[in-house]
Amino acid sequence: MTVPGSLYDRICEVVCRIPRGRVASYGQVAAEAGLPGHARLVGYALHNLPDDTNVPWHRVVKARGGISLDIESGAGRFQRALLEAEGVIISGPDVIDPRYFLSDSFTDPME
DNA sequence: TGCTTGACATAAT
DNA sequence: CATTATGCCAAGC
């Protein structure tokens, strides 16, 4: 289980901070995790996460607003379902309104 | 220890 | 719109 100190651990921690009903891009999560520009590591970490993880990995999307996984495939459909369950409407494979993204910081504004 | 890969981002072609 | 190129770097082999 992710040794403390590993980048995985930091990344999953940041992902856990994403408020419900919101999404963040890989680059944004990376930046908040203290890894500016290391968006790839975020995806790498998420892929490593177990199925029973408590990390809402589904809230992590591409910068343009879209699921990296194949939306028409199992994992993609699963993520879309989770996002819609949180209130995030996905109209297409790369169509997510910017209003769902975290504006600046993860500091939950508490709506 | 060095090369390859990768749930990315962005610009250019 | 698809592909290419570059950056940036950890993990896997």
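Chain identifiers are assigned alphabetically (A, B, ...) following the order of the sequence lines, protein sequences preceding nucleic acid strands; residue numbering begins at 1 within each chain. Because the structure is predicted, anything quoted here is derived from the model rather than measured.
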Taking all atoms of both residues into account, what is the closest heavy-atom pair of [X] and [Y], and its distance?
X	Y	value
A:Y26	A:K62	CE1-N, 3.8 Å
A:A33	A:R10	O-NE, 3.5 Å
A:G65	A:V61	CA-CG2, 4.5 Å

Within residues 65-78 of chain A, those residues having any heavy atom closer than 4.0 Å to DNA chain B are A:S68, A:L69
Salt bridge (Lys or Arg N to Asp or Glu O under 4.0 Å) pairs touching residues 35-48 of chain A, sequence neighbours excluded, are none
Residue pairs passing the salt bridge (Lys or Arg N to Asp or Glu O under 4.0 Å) test with at least one member in residues 47-60 of chain A, sequence neighbours excluded, are A:R59-A:E86
Side chains of A:R64 and A:D94: does their closest heavy-atom pair fall under 4.5 Å? no
Mind checking side-chain contact (heavy atoms from CB on, under 4.5 Å) for [X] and listing every partner two or more places apart, or none if nothing turns up?
X	result
A:F78	A:W57, A:L82
A:R80	A:I67, A:I71, A:E84, A:I90
A:Y100	A:V23, A:V88, A:I89, A:I96, A:D97

Note: contacts of residues 33-43 of chain A with DNA chain C (heavy atom, under 4.0 Å) are A:H38, A:R40, A:L41
| task | For C:dC8 and B:dT1, measure between their P atoms and round to the nearest Å. | result | 24 Å
In whole angstroms, the gap separating P of C:dA11 from NE2 of A:H47 amounts to 15 Å
Here the distance between atom P of C:dC8 and atom CG of A:L7, to the nearest Å, is 17 Å
Applied to residues 69-79 of chain A, the side-chain hydrogen bond (donor to acceptor under 3.5 Å, both in side chains) test, sequence neighbours excluded, yields A:D70-A:S73
Students should find that the nucleotides of DNA chain B closing off the region near chain A, any atom under 4.0 angstrom from a heavy atom, are B:dG6 to B:dT10
